[in-house]
Amino acid sequence: MAQIAGNFIFNEIEKDIASGKYTADEIKTRFPPEPNGYMHIGHAKAICINFSVKEKYNAKTNLRYDDTNPEKESSVFTEAIQRDIAWLGFKWDELLYSSDYFGRMYEYALELIKKGLAFVDDQDQDTIKATRGTLNEPGVESPFRNRSIEENLELFVAMKEGKYSPGDRVLRLKIDMKSPNMNMRDPVIYRIVNATHHNTGDDWCIYPMYDYAHPIEDAIEKITHSLCSLEFEDHRPLYNWVLENLDDFKEKHPRQIEFARLNLTRTITSKRYIKQLVEAGIVDGWDDPRLVTLGGLRRRGVTPAAIRKFMENIGVAKSNSTIDMQQFEYFIREDLLLSSVRVMGVVEPLKLTIENYPEGQKEYLDVPYRMDDEASETRKVPFSRNLYIERSDFEEIAPKKYYRLYPGNEVRLMGAYFVKCTGFVKDENGVITEVKCTYDPLTKSGSGFSERKVKGTIHWVDANENVPVELHLLYDLLKEGGNSKNFLDNINRDSLIVKNGYAEISVKGTAPGERYQFVRNGYFCADTKYTEGDKLVFNRTADLKSGWKPEK
RNA sequence: GGGGGCAUCGCCAAGUCGGUAAGGCAACGGAUUUUGAUUCCGUGAUGCGUAGGUUCGAAUCCUGCUGCCCCUGCCA
């Protein structure tokens, strides 16, 4: 395996090992998603970070669902999450649910109550909110803060037994209403919720809050490094407080370390916004190939290897940053360059007639999959008088430095012959409908012909023996420069361009999910939703970079 | 009028004890090329938010200032 690049988290882990805080063989991380939605590229960063610790230190990494809010969670998401992690190529050591610890969490709450560190508050939500204070003013203590341990115990048990309704009472930690850290102002740690939980069913009607549950989950699993995103930095004192006040964990407990989450230019990662797109029918689901959800990327044809290399390359740090989408695209192309088969496909067909190639004649050329590799395998590609070429490979009046076809110019048809443009046909609207040319039999590909050279090489497809393909060209979902308050106004309505083209016959029978490089057009992946039987639909995963700029 | 973070090339990002600014993406040259792809060479900070200070020497230490992000859910 390739050397894993360093980052500040690895440095901290190594310091902890050096200082004896944790031994090398007990290093353990966890990826703790809440099963309340589909994962996207941002989650992939967190997954890669946690599992990279496993790989680098030969450690353990658990997949643990942070399922403490039954109103938002569902098992359709637990399954989707497992699929996505497995797709990325990671194997968790244990698959766990924080809801499996509800019993222990309840016992620990009892312990805190007995220690006088937690109390049942009868105030309603609005009152609690109003007495929390502000960033600049301290909060005020609840009038119920000092009730007896016995009464707290009795009330909390009653909460658990369903004697009250949601909102009636909560369990709060007794920390400090004057703390400058809002999280420490007697945070609520248990609330009453009447909802069926995806894992525990109707066993519970009280549910722990994240700030209380998370440190306990980590500690129970003996996680050493609890890696999370920056916004939890303010929660770290509370994370530590909970563990330091519980007998089971006060001696030794996990360490929380925060890192900056991933932002990518030109993309939408907000769950709320993606949902809007799905519901408005702008995209065809959570796995629409234009989305950076893991399902969307998979359907688009992006490989797990590309995602992982990208994540490793961008590093891990604490500064808020936005990575240029081009950097991600670079790794997509890099991975596809050698892994995908190269064939010819025409996106926007234009007829090419070879006037001196006998009508009715046809030959099958042996074309190497890789023109740049002499050892490349070949496939048979039919060639005849009537072909299709790319519309953009012909110009009636050539711009400067245009190497493609225009009247009088000669180019190479990849894997075939040199061809010289002799004319073209326009319809009544001035649209070019056909290009005419002659070919030179001496220039056959592979013959070693070297009498003259040609600047351009273009791809082509036989006009009779081919396979029709529907090509989905995918562009940014966000309009450039759009910053209307109304999200939908910022959406690029041309993010999906559908083209009906032709691919060489070897593409026939392509299975959903299979990839090609359609030479000069980019990397394509057969869509898993629309490809069916003879109907081939391809998503363009990425185009090819081009150094050619028409205008000067 | 609080607290917690972050500031190194257009975008990311190394820089662990102060010793004289890695790497990637992008961009721009040029070479090779039956993909204007790939590959290959070459080009970037006298400078590390800013102003001072300590030091033979500071991105790294000290002080002041500035900018940006996060925090007042019975969400995670």
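Lettering follows sequence order; numbering is per chain, from 1. A quick note: this is a predicted structure, and the numbers were derived from the prediction, not measured.
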Please determine, for B:U16, whether a Watson-Crick or G-U wobble partner exists with both distances under 3.5 Å, and give it or none. none

From C-beta outward on A:Q327, which listed nucleotide comes closest to its side chain: B:C12, B:G24, B:G3? B:G24

What interatomic distance, in whole Å, is found between C1' of B:G29 and the corresponding atom of B:G18? 39 Å

Salt-bridge present (A:E12, A:R255; N to O < 4.0 Å): yes

Is any side-chain N or O of A:R132 closer than 4.0 Å to OP1 or OP2 of B:C74? yes

Look at all strands and tell whether A:Y402 reaches a base, only sugar-phosphate, or nothing, counting heavy atoms closer than 4.0 Å. base

Touch class at under 4.0 angstrom, heavy-atom based, for A:Q123 against every strand present: base

Measure from the side chain of A:H235, starting at C-beta and using heavy atoms only, and say which of B:C75, B:A76, B:G4 lies closest. B:A76

Can you tell me, in whole Å, how much space there is between the C1' of B:A7 and that of B:G15? 15 Å

Please determine if a side-chain N or O atom of A:R172 lies less than 4.0 Å away from the OP1 or OP2 oxygen of B:C74. no

Can you tell me how far C1' in B:C65 sits from the matching atom in B:A13, rounded to whole Å? 27 Å

Closest approach to the side chain of A:N69, judged atom by atom: which nucleotide of B:G3, B:U34, B:A76 is it? B:A76

Give a yes/no verdict on base stacking between B:A76 and A:Y210: centres under 5.5 Å, planes within less than 30° of parallel. no

Closer than 4.0 angstrom, basic N to acidic O: yes or no for A:R169 and A:D121? no

Would you classify A:R412 as touching base, sugar-phosphate or nothing, given that sugar-phosphate means primed atoms plus P, OP1 and OP2, and contacts are heavy atoms under 4.0 Å? base

For A:F328, answer base if it contacts any base atom (sugar-phosphate contacts may also be present), sugar-phosphate if it contacts only those atoms, and nothing otherwise; contact means non-hydrogen atoms under 4.0 Å. nothing

Please tell me if A:R520 has a side-chain N or O lying less than 4.0 Å from either OP1 or OP2 of B:U34. no

Pairwise 5' ranking along RNA chain B for A:F232 and A:N183, keeping only the more 5' one: A:N183

Euclidean distance for P, B:U8 against B:U46 (whole angstrom): 15 Å

Residue-phosphate contact under 4.0 Å: A:Y330 side-chain N/O, B:C25 OP1/OP2: yes

To the nearest angstrom, how far is A:E334 atom CD from B:C25 atom C1'? 11 Å

Heavy atoms only, 4.0 Å cut-off, all strands: where does A:N313 land among base, sugar-phosphate and nothing? sugar-phosphate

A:E374 has an atom CD; how far is it from atom C1' of B:U32, in whole Å? 15 Å

Answer with base, sugar-phosphate or nothing: what part of the nucleic acid does A:E71 contact at a heavy-atom distance below 4.0 Å? nothing

With heavy atoms under 4.0 Å as the rule, sort A:T68 into base, sugar-phosphate or nothing. sugar-phosphate

Electrostatic pair A:E258-A:K318, nearest N-O below 4.0 angstrom: yes

With a cut-off of less than 4.0 Å, is there a side-chain N or O of A:R266 near OP1 or OP2 of B:C11? no

How would you label the contact of A:I128 with the nucleic acid (heavy atoms, under 4.0 Å): base, sugar-phosphate, or nothing? base

Mate of B:C65 across any strand shown (Watson-Crick or G-U wobble, both atom pairs under 3.5 Å) is B:G49

Among B:C6, B:C69, B:U38, which nucleotide has an atom closest to any side-chain atom of A:K545? B:U38

If I pick the P atom on B:A58 and the same atom on B:G52, what distance separates them, to the nearest angstrom? 14 Å

Interatomic distance, CD1@A:I268 vs CG@A:L264, rounded to 0.5 Å, equals 12.0 Å

Could you tell me whether A:V316 contacts a base, only the sugar-phosphate backbone, or nothing, with contacts defined as non-hydrogen atoms closer than 4.0 Å? sugar-phosphate

Could you tell me whether the side chain of A:R404 has a donor or acceptor atom within less than 3.5 Å of a complementary atom in the base of B:G36? yes

Do A:N181 and B:G4 have a side chain to base donor-acceptor pair shorter than 3.5 Å? no

Any carboxylate oxygen within less than 4.0 angstrom of a Lys/Arg side-chain nitrogen, looking at A:E410 and A:R452? yes

Can you tell me how far C1' of B:G73 sits from OH of A:Y190, to the nearest Å? 18 Å

NZ/NE/NH1/NH2 to OD/OE distance under 4.0 Å, A:R64 and A:E221: yes

Do A:R261 and A:E231 meet the salt-bridge criterion of a basic N to acidic O distance under 4.0 Å? yes

Once you apply a heavy-atom cut-off of 4.0 Å, does A:G547 come out as touching a base, just sugar-phosphate, or nothing? sugar-phosphate

Test item: side-chain donor near acceptor, A:Y239 and A:D218, under 3.5 Å: yes

From the list B:U34, B:C71, B:C69, which nucleotide is the closest neighbour of the side chain of A:N320? B:C69

Select base, sugar-phosphate, or nothing to describe what A:G446 touches, counting heavy atoms under 4.0 Å on all strands. base

Does the base of B:G73 carry an N or O that pairs as donor and acceptor with the side chain of A:Q125 under 3.5 Å? no

Return the nearest nucleotide to the side chain of A:L544; candidates are B:A37, B:G36, B:G2. B:A37

Which part of the nucleic acid, if any, lies within reach of A:H214 when heavy atoms closer than 4.0 Å are counted: base, sugar-phosphate only, or nothing? nothing

Return the pairing partner of B:U39 with a 3.5 Å limit on both distances, Watson-Crick or G-U wobble; otherwise return none. B:A31

Is the distance between the ring centroids of A:F156 and A:Y106 under 6.0 Å? yes

Residue-phosphate contact under 4.0 Å: A:R370 side-chain N/O, B:U34 OP1/OP2: no

Over all strands shown, is A:V188 touching base, sugar-phosphate only, or nothing at heavy-atom distances under 4.0 angstrom? sugar-phosphate

Aromatic ring pairing A:Y417/A:F383, orientation class (parallel under 30°, perpendicular over 60°, tilted between): tilted

Considering only atom P, compute the distance from B:C62 to B:U16 and round it to an integer number of Å. 15 Å

In terms of side-chain heavy atoms of A:A317, which of B:C12, B:A14, B:G4 is nearest? B:A14

OP1 or OP2 of B:G15 less than 4.0 angstrom from a side-chain nitrogen or oxygen of A:N11, does that happen here? yes

Rounded distance in Å between the C1' positions of B:C11 and B:A27: 11 Å

Result for 5'-nearest mapping on RNA chain B, choosing between A:G167 and A:R333, is A:R333

The side chain of A:D324 is closest to which nucleotide in this list: B:A76, B:C11, B:U34? B:C11

Which part of the nucleic acid, if any, lies within contact of A:M209, taking any heavy atom under 4.0 Å across all strands shown: a base, the sugar-phosphate backbone alone, or nothing? sugar-phosphate

So which nucleotide from B:G2, B:C25, B:A14 ends up closest to the side chain of A:Q326? B:C25

Strictly below 4.0 Å: does A:S321 bring a side-chain N or O up to OP1 or OP2 of B:A13? yes

Pull up the glycosidic torsion of B:G73 and say syn or anti, syn being anything within 90° of 0. syn

Has A:S319 got a side-chain N or O lying under 4.0 Å from the OP1 or OP2 atom of B:C69? no

Inter-nucleotide C1' distance (B:C71, B:A14), Å rounded: 30 Å

